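In this chain, residues are counted from 1 in sequence order. No experiment lies behind these values; they were computed from the predicted model shown.
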Amino acid sequence: RLLGGHFEQHAGENLQARDALLYAFASVNEKCWLGQSPESNQLVQQILERFAYCSLGCADAMLISRACQVYASFARFEFTADAHLVAAGNAIVNLLHHEHVVVRVDAAIAVGELLEHEAIVKLVRPGLGNMLRDFLRIMDELDVEQLVKALSKIVDAFGEELAPYAVSLCRRLGEAYLRLLQAKGSHDDEDSEIGLTADGLMSAIRRVLRAISGKFPQMYPELEGILEQPIYASLSEQGLTAADEGLTCVSELIYNQTEVSPRMWGFFSHIVQAYLEDRGIIDDVSQASVPLINFMEKAPAVFKASHNG
């Protein structure tokens, strides 16, 4: 209520004051989670409609970015009507083309967050391909960890619908995974939020592969090359918390091809050696049973020869 009074007094034509108040609004929400009671919910929605929404269409790039940040911070807010949410979501999606990169980045992050709402999923769905291309282009422009998290949320929201974009998605997710794994280092005290984000990226890759399972066979040779290093990294000491995801990716790549490539046989050797040498990556051979069975079924003679060897 106090913030609402300040907005009424100072945030009309004074864009600098509005920017400061929107920043305070989002910060208070992150700490106190506004909108928990019917009264506060109504006040929050009034502020969003009267001051954040109009800021999405103003001429000041920094204020537009601030408004995107505000909507991202209220992604889990229970909007009483979809009309305002959809209007704001549509404005934010259109900002993916804004001339200023800072606006494009904050809009992309906000889109990922707002996909918590089915109304935004329905809004984005008809133009999913274009939105995804815009999103990946923004990731090319600027390396921001929040964009990586937002991309994972897009994968969560659309699942099988992303199948036609599997190659570009896996390339981007794989690059981000390797980068974050390198940033995490090999020490336990660094294995916190960065490690969780990295593991989430391998989960996203696995979901993309599951989405195209049984489809687009022509993609798999290219996907093998794109995912080779990320999968090896997940099956290393540094990436062992994502080992199960890496093994599932190996299974998907083998299962959906008629032959096992030399590259995939390299994974077979790596998995077997990791277990036999007790590297702490594969605790029990049953953990790797699915990819091993896939190797055996796709190339029984080679599997038997390697076993005898």
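Between R179 and Q182, the side chains place no donor N or O within less than 3.5 Å of an acceptor N or O (distance only, hydrogens not considered).
Put simply, the residue from D19, D106, D60 that forms a salt bridge (charged side-chain N to carboxylate O under 4.0 Å, His left out) with R66 is D19.
Of the possible polar contacts, none joining the Y165 side chain to the R133 backbone as a donor-acceptor pair under 3.5 Å is found. Between the side chain of Q238 and the backbone N or O of L181 there is at least one donor-acceptor pair closer than 3.5 Å. Side-chain atoms of Q45 come within 3.5 Å of backbone atoms of T80 as a donor-acceptor pair (strictly under, hydrogens ignored). Between the side chain of R206 and the main chain of C249, no donor-acceptor pair closer than 3.5 Å is present.
Contact of the V290 side chain with the T248 side chain is not registered, since no non-hydrogen atoms from C-beta on lie closer than 4.5 Å. Proximity of L253 to N294: side-chain heavy atoms (C-beta onward) are nowhere separated by under 4.5 Å. Annotation: side chain of I138 is not in contact with side chain of V101 (no heavy-atom distance under 4.5 Å).
Ring pair H84/Y53 is perpendicular by interplanar angle, where above 60° counts as perpendicular and below 30° as parallel.
Within 6.0 Å of the CE atom in M62, the count of heavy atoms belonging to other residues, nucleotides or ligands does not exceed 12. Summarising the local packing, CD of E259 is surrounded by 12 or fewer heavy atoms from other residues, nucleotides or ligands at distances under 6.0 Å. Annotation: K215, atom NZ; neighbour count of heavy atoms from other residues, nucleotides and ligands within 6.0 Å is above 12. Counted within 6.0 Å of OH on Y232, heavy atoms from surrounding residues, nucleotides or ligands total more than 12; the atom is thus considered enclosed.
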Report task. Walk me through it: do E252 and R210 pass the test salt bridge (Lys or Arg N to Asp or Glu O under 4.0 Å)? Result -> CA-CA 7 Å; E252 288 291 333; R210 284 275 174 86; 2.8 Å; yes
Query raised in the report: Hey, mind stepping through R137 and D134 against salt bridge (Lys or Arg N to Asp or Glu O under 4.0 Å) and telling me if it holds?
Result: CA-CA 5 Å; R137 187 185 67 249; D134 291 337; 2.9 Å; yes
Report task. Show your reasoning for whether ring-ring contact (aromatic ring centres under 6.0 Å, His included) applies to F303 and F268. Result -> CA-CA 9 Å; F303 182 89; F268 173 80; 5.5 Å; yes
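Taking both residues in full, the closest heavy atoms of N256 and G214 are given as OD1-N, 2.6 Å, listed atom of the first, atom of the second, then distance.
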